[in-house]
Amino acid sequence: MNEAVKIMDQFFQGMLENNIEQWMTIWHKDAVFEIPYAPSGVLTKLEGDEAIYNHVKDFPGKINFTRFSEPNYYPVEGQNTVIVEFECEAVILETGLPYNQKYISVIEYEDGKILRYKDYWNPLIFIGAYNNEPQAFLKFLKRSQ
């Protein structure tokens, strides 16, 4: 489990510093990033570190993460898998509105790298940070792909 904690520390630090290149060092080249509850019209699966990078590379110009809560870890016995529960505080730069989200992520890892990341979050909170305009939110996500 220490490996998972180290990975998540780097995950949070990269986002707080808006350092996507550093953030990408925790992803396996064949990683899979899944967003099971993404709204219709948004990708629900990214395969490979290049696809993940292309999805997040513009985040620093769109969203400013200011805080992540202390995460709760729930390791899956006998596997390199952990469930991580955490919260973030951020601001959407285009609207100036807060984006305060709760996440539950299921992370499979190996050798200090994320192999599979399932990201569970509430899209309604993100839409709210876009003045409750779903099309603006979808535009944000589509520009990130």
Side-chain angles (χ1 to χ4, degrees), residues 1 3-16 18 20 22-95 97-145:
M1 168 123 127
E3 189 174 3
V5 171
K6 183 177 177 185
I7 289 168
M8 290 308 294
D9 284 348
Q10 293 173 341
F11 182 100
F12 298 137
Q13 195 64 36
M15 284 292 153
L16 289 170
N18 288 320
I20 299 303
Q22 180 274 328
W23 187 81
M24 287 302 303
T25 65
I26 62 173
W27 295 89
H28 187 276
K29 69 179 183 68
D30 297 320
V32 176
F33 188 108
E34 296 180 76
I35 310 165
Y37 295 138
S40 178
V42 176
L43 284 175
T44 58
K45 184 188 272 189
L46 301 162
E47 297 185 60
D49 63 347
E50 186 175 334
I52 295 166
Y53 174 77
N54 287 331
H55 180 70
V56 301
K57 68 181 178 181
D58 297 327
F59 275 23
K62 297 177 183 183
I63 185 169
N64 182 34
F65 289 98
T66 56
R67 187 181 85 73
F68 286 94
S69 67
E70 189 68 31
N72 291 313
Y73 294 95
Y74 306 95
V76 177
E77 190 172 334
Q79 298 181 31
N80 285 343
T81 302
V82 63
I83 299 165
V84 183
E85 185 178 20
F86 61 94
E87 298 177 15
C88 81
E89 292 177 8
V91 174
I92 300 297
L93 298 176
E94 185 176 332
T95 65
L97 293 173
Y99 171 69
N100 301 327
Q101 184 69 265
K102 295 180 181 181
Y103 295 89
I104 296 176
S105 300
V106 181
I107 304 164
E108 183 181 333
Y109 58 92
E110 183 178 273
D111 297 327
K113 305 276 185 186
I114 298 172
L115 293 171
R116 181 173 295 273
Y117 191 101
K118 284 190 176 183
D119 201 21
Y120 295 92
W121 49 272
N122 184 347
L124 295 177
I125 292 173
F126 217 135
I127 292 168
Y130 270 90
N131 289 312
N132 292 313
E133 296 176 18
Q135 292 307 316
F137 163 69
L138 291 174
K139 187 176 169 186
F140 170 92
L141 287 179
K142 288 182 181 181
R143 285 189 309 227
S144 300
Q145 298 175 4

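Being a predicted model, the structure only gives us computed values, none of them experimental. Just the heavy atoms: all of them, side chains too, but no hydrogens, waters or symmetry mates, feed the values below.
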*With rounding to the nearest 0.5 Å, note down the distance linking OH in Tyr74 to CD in Glu85.*
4.5 Å

*How far apart are the closest heavy atoms of Arg67 and Leu16, and which atoms are they?*
N-CD2, 3.6 Å

_Tell me whether Gln79 at atom CD has more than 12 heavy atoms from other residues, nucleotides or ligands lying less than 6.0 Å away._
yes

*Say whether, by atom type as modelled, one donor and one acceptor occur between the side chain of Glu3 and the main chain of Asp111 under 3.5 angstrom.*
yes

*How close do Asp119 and Ser105 get, heavy atom to heavy atom, and via which atoms?*
OD1-OG, 3.4 Å

*So, for Tyr109 and Ala4, which heavy atoms are closest and what is the spacing to 0.1 Å?*
CE2-CB, 3.7 Å

_Between Asp49 and His28, is there a side-chain heavy-atom distance shorter than 4.5 Å?_
no

*Heavy atoms, side chains only, cut-off 4.5 Å: are Val84 and Asn72 in contact?*
no

*Are any non-hydrogen side-chain atoms of Ile104 and Ile83 less than 4.5 angstrom apart?*
yes

*In terms of ring plane angle, is the pair Phe68 and Phe11 parallel, tilted or perpendicular, where the classes change at 30° and 60°?*
perpendicular

*Going by heavy atoms in the side chains, are Asn131 and Leu97 under 4.5 Å from each other?*
yes

*For atom CD of Glu50, is the number of surrounding heavy atoms from other residues, nucleotides or ligands below 6.0 Å larger than 12?*
no

_Within the 3.5 Å criterion, strictly below it, is a donor on Tyr103 or Glu87 matched to an acceptor on the partner's side chain?_
no

*Is Lys62 paired with Glu94 through a side-chain N to carboxylate O contact shorter than 4.0 Å?*
no

*Can you tell me if Thr44 uses its side chain to pair, donor with acceptor, with the backbone of Ala38 under 3.5 Å?*
no

*With distance as the sole test, does Ser69 use its side chain to make a donor-acceptor pair with the main-chain N or O of Phe86 at under 3.5 Å?*
no

*Taking atom NZ of Lys113 as the centre, does the number of heavy atoms from other residues, nucleotides or ligands within less than 6.0 Å exceed 12?*
yes

*asked:* Looking at every non-hydrogen atom in both residues, tell me the closest pair between Gln13 and Gln22 and how far apart they are.
replied: C-OE1, 4.2 Å

_For the student: nearest non-hydrogen atoms of Leu115 and Glu110, plus distance_ = CD1-CB, 3.6 Å

*Aromatic plane relationship, Trp27 with Tyr117 - under 30° parallel, 30 to 60° tilted, over 60° perpendicular*: tilted

